[in-house]
Colleague: 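Take this structure first; my questions come after.
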There are 2 protein chains.
Amino acid sequence: MKNTKQRELILSELRKLKTHPTAEEFHKILKKKDNNIGLCTIYRNLESFYEQGLIGKINTKPAKYDGDLSSHSHIRCISCGKIHDIFFSVPINKVEIEKLGYKLQGYKIEINGLCSSCAKTKKRREKNV
Amino acid sequence: MKNTKQRELILSELRKLKTHPTAEEFHKILKKKDNNIGLCTIYRNLESFYEQGLIGKINTKPAKYDGDLSSHSHIRCISCGKIHDIFFSVPINKVEIEKLGYKLQGYKIEINGLCSSCAKTKKRREKNV
DNA sequence: ATGATAATGAAAATCATTTTCAATTAGGAT
DNA sequence: ATCCTAATTGAAAATGATTTTCATTATCAT
């Protein structure tokens, strides 16, 4: 694997963010630093970083990426799709997993709720929760 | 909402399954009972049942649907994508959620691991974990 | 510096899902 | 039971996100 400036930019800039951008949102952000960077390069590298376990990925549609690997979960507003970090630990029962013959690799908790601003202005529910 | 035979078929047949079919897999199954049923009808109704909270949905790509609403989680093989039910409870900290101003609606735990048969025959990792 | 190899960006392709739309059907009113 | 209306269906086209292809460019070990 080669160390390109795009790859470095993608990883370092994602790590600076406290938000969880989609590939397209992130593309807009990165264009400010490298106006020529392509959206597919971003997709490619985000996926590759995710597969290497260097960043997190949230299963929304479009997917959102997370530069923060510290152990935390996300709560997602079922109305506006906004995502907040939420910190708590969950005891995963390894025994149960091993009984099924699986080797645990990792887990994600996705919590859905209604955020306060959407609770006021009742909007219709977003898709792909 | 009208009670069509397609709608009834979709819900009753999904509830009979112990597996978690994708819309397309489910379409093949249902064609045996109603050869004319369309894939988009299946998509439409599965989504609608899911939004009504009548069935479960697993965030894979393609999505998988689950007729079993009893409280359980899924473990997914990172290599072949197979999904097993896994039963254990997780204490979700409501206080933390309310502190952020959210009203809890539900949560899912997605566990990733390597199943025993893939552990033997090392295959490449599937996407969209 | 050179060459081999991998990564890039643009465009096209793909895949899952959703929308459109004309035809059909369900279910209440008659 | 028949009629009427609105909702649902299936087929096809459209969409949106992501991935692939491919010619060009950049990286890095030598």
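Everything numeric in this text was worked out from a predicted model, so none of it was measured. Here is how names work: the chains are called A, B, and so on, in the same order as the sequence lines, proteins then strands, and each is numbered from 1. Basis for what follows: all heavy atoms, side chains included, without hydrogens, waters or symmetry-related copies.
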Colleague: Are A/I109 and B/I97 co-members of a hydrophobic cluster defined by side-chain heavy atoms under 4.5 Å apart?
Modeller: yes
Colleague: Can you check each nucleotide of nucleotides 2-7 of chain C against protein heavy atoms at under 4.0 Å and return B for base, S for sugar-phosphate only, - for none, in 5' to 3' order?
Modeller: ---BBS
Colleague: Round to the nearest Å and state the distance from B/H27 atom NE2 to D/dA11 atom C1'.
Modeller: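 Taking atom C1' of D/dA11 as the reference, NE2 of B/H27 is at 11 Å.
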Colleague: Classify the nucleic acid contact of B/A23 as base, sugar-phosphate or nothing, counting any heavy atom under 4.0 Å across all strands shown.
Modeller: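 Result for B/A23 = nothing.
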Colleague: Do B/K57 and B/Y50 form a cation-pi contact, if we require the NZ or CZ to be under 6.0 Å from the six-membered ring centre and within 45 degrees of the ring's axis?
Modeller: yes
Colleague: Provide, to the nearest angstrom, the distance between the CD1 atom belonging to A/I42 and the P atom belonging to D/dT20.
Modeller: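 That distance rounds to 18 Å.
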Colleague: Distance check: side-chain N/O of B/Y43 vs OP1/OP2 of C/dT17, anything under 4.0 Å?
Modeller: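 Yes.
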Colleague: Let me know the distance between CG of B/N36 and P of D/dT9, rounded to the nearest Å.
Modeller: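 Going from CG in B/N36 over to P in D/dT9 covers 12 Å.
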Colleague: Separation of B/E24 atom CD from C/dT14 atom C1', in whole Å?
Modeller: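 Atom CD in B/E24 sits about 13 Å away from atom C1' in C/dT14.
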Colleague: Roughly, in whole Å, what's the span from CD in A/E51 to P in D/dT18?
Modeller: 14 Å
Colleague: Give me the ring orientation class for A/H74 and A/H20: parallel if the planes are under 30° apart, tilted from 30 to 60°, perpendicular past 60°.
Modeller: perpendicular
Colleague: So, B/E8 and B/K5, do they make that salt bridge, N to O below 4.0 Å?
Modeller: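 No, this pair does not count.
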Colleague: Would you name the heavy atoms of B/S79 and B/L114 that are closest together and state the gap between them?
Modeller: CB-CD1, 3.7 Å
Colleague: Whole-Å distance between D/dA26 C1' and A/E8 CD?
Modeller: 13 Å
Colleague: Just the rounded figure in Å: distance from P of C/dT18 to CG of B/L46.
Modeller: 10 Å
Colleague: Calculate the interatomic distance between B/D34 atom CG and D/dT8 atom C1'; express it in whole Å.
Modeller: 13 Å
Colleague: Given D/dT18, C/dA10, C/dT18, identify the nucleotide with an atom nearest to the side chain of B/E47.
Modeller: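 Among the listed nucleotides, the one closest to the side chain of B/E47 is C/dT18.
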Colleague: Can you tell me which nucleotide in C/dA11, C/dT18, C/dT17 comes closest to the side chain of A/C40?
Modeller: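 Minimum distance to the A/C40 side chain belongs to C/dA11.
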Colleague: What do the steps show when you test B/Y102 against A/H84 for side-chain hydrogen bond (donor to acceptor under 3.5 Å, both in side chains), and what is the final call?
Modeller: CA-CA 10 Å; B/Y102 279 78; A/H84 261 91; 3.0 Å; yes
Colleague: So, for A/K82 and A/S117, which heavy atoms are closest and what is the spacing to 0.1 Å?
Modeller: NZ-OG, 3.5 Å
